[in-house]
Amino acid sequence: MHIITMLVLLSILVLVHELGHFGIARMLGIKVERFGFGLPFGPVLYETKWGETIVCIHAFLLGGYVSFPD
């Protein structure tokens, strides 16, 4: 049970961390192509578009990323 609690709390921490990257980039006017919660391999559980940004949730939730254009 403690391991599950730790994994949930770690996932929440990663989500908040990546939202920080996303928020600062948008405040500075940097375009964000993708915001992903979870590691970007395996199936995508949910995907939508918010403005110009594609937001997706991957099956393995222990990670995240914010993708900027090259």
Side-chain angles (χ1 to χ4, degrees):
M1 186 64 180
H2 295 297
I3 292 175
I4 294 172
T5 303
M6 182 200 67
L7 293 175
V8 168
L9 291 175
L10 183 62
S11 293
I12 292 170
L13 179 67
V14 167
L15 177 63
V16 170
H17 175 86
E18 295 304 326
L19 283 171
H21 289 294
F22 178 78
I24 295 298
R26 297 300 300 153
M27 281 181 14
L28 295 175
I30 300 170
K31 181 182 175 190
V32 177
E33 288 182 347
R34 286 179 82 91
F35 176 84
F37 180 52
L39 295 176
F41 56 82
V44 174
L45 299 177
Y46 178 76
E47 185 171 295
T48 188
K49 192 164 186 173
W50 290 349
E52 298 178 351
T53 304
I54 298 170
V55 178
C56 54
I57 299 174
H58 298 278
F60 191 63
L61 298 179
L62 292 176
Y65 61 94
V66 178
S67 176
F68 302 108
D70 290 336

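Residues take their numbers from the sequence shown, with the count starting at 1.
Each of L45 and I54 belongs to its own hydrophobic cluster when Ile, Leu, Val, Met, Phe, Trp and Tyr are linked at side-chain heavy-atom distances under 4.5 angstrom. M6 and V16 are members of different hydrophobic clusters when ILVMFWY side chains are connected at heavy-atom separations under 4.5 Å.
The environment of L28 atom CG is dense: over 12 non-hydrogen atoms of other residues, nucleotides or ligands sit within 6.0 angstrom. Remark: L9 CG is packed, more than 12 non-hydrogen atoms of other residues, nucleotides or ligands lying under 6.0 Å away.
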Evaluate the criterion side-chain contact (heavy atoms from CB on, under 4.5 Å) for residue pair V14 and L62; output intermediate values, then yes/no. CA-CA 7 Å; V14 167; L62 292 176; over 6 Å; no
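Applying the ring-ring contact (aromatic ring centres under 6.0 Å, His included) rule to F22 yields the partners F35; only residues at least two apart in sequence or on another chain are considered. Residues satisfying the side chain to side chain contact (heavy atoms under 4.5 Å, CB included) test with T48, not counting sequence neighbours, are Y46, W50, V55. Contacts of P69 classified as side chain to side chain contact (heavy atoms under 4.5 Å, CB included), with partners at least two apart in sequence or in another chain: K31, E33. Looking at residues two or more places apart in sequence or on another chain, you find a side chain to side chain contact (heavy atoms under 4.5 Å, CB included) between F68 and A25, I30, V32, V66.
Put simply, CZ on F37 and CG on L15 are 5.0 Å apart, with the number rounded to the nearest 0.5 Å. With rounding to the nearest 0.5 angstrom, the CE atom of M1 is 11.5 Å from the CD1 atom of I3.
Residue pairs meeting the salt bridge (charged side-chain N to carboxylate O under 4.0 Å, His left out) criterion with at least one partner in residues 36-51, sequence neighbours excluded, are R34-E47. Every pair tested for salt bridge (charged side-chain N to carboxylate O under 4.0 Å, His left out) that includes a residue from residues 53-64 fails, sequence neighbours excluded, so the list is empty.
For the pair P40 and Y65, the tightest heavy-atom approach, listed with the atom from each and the gap, is CB-CE2, 3.7 Å.
Exactly one of L10, T5, I12 qualifies for a side-chain contact (heavy atoms from CB on, under 4.5 Å) with V8. That residue is I12.
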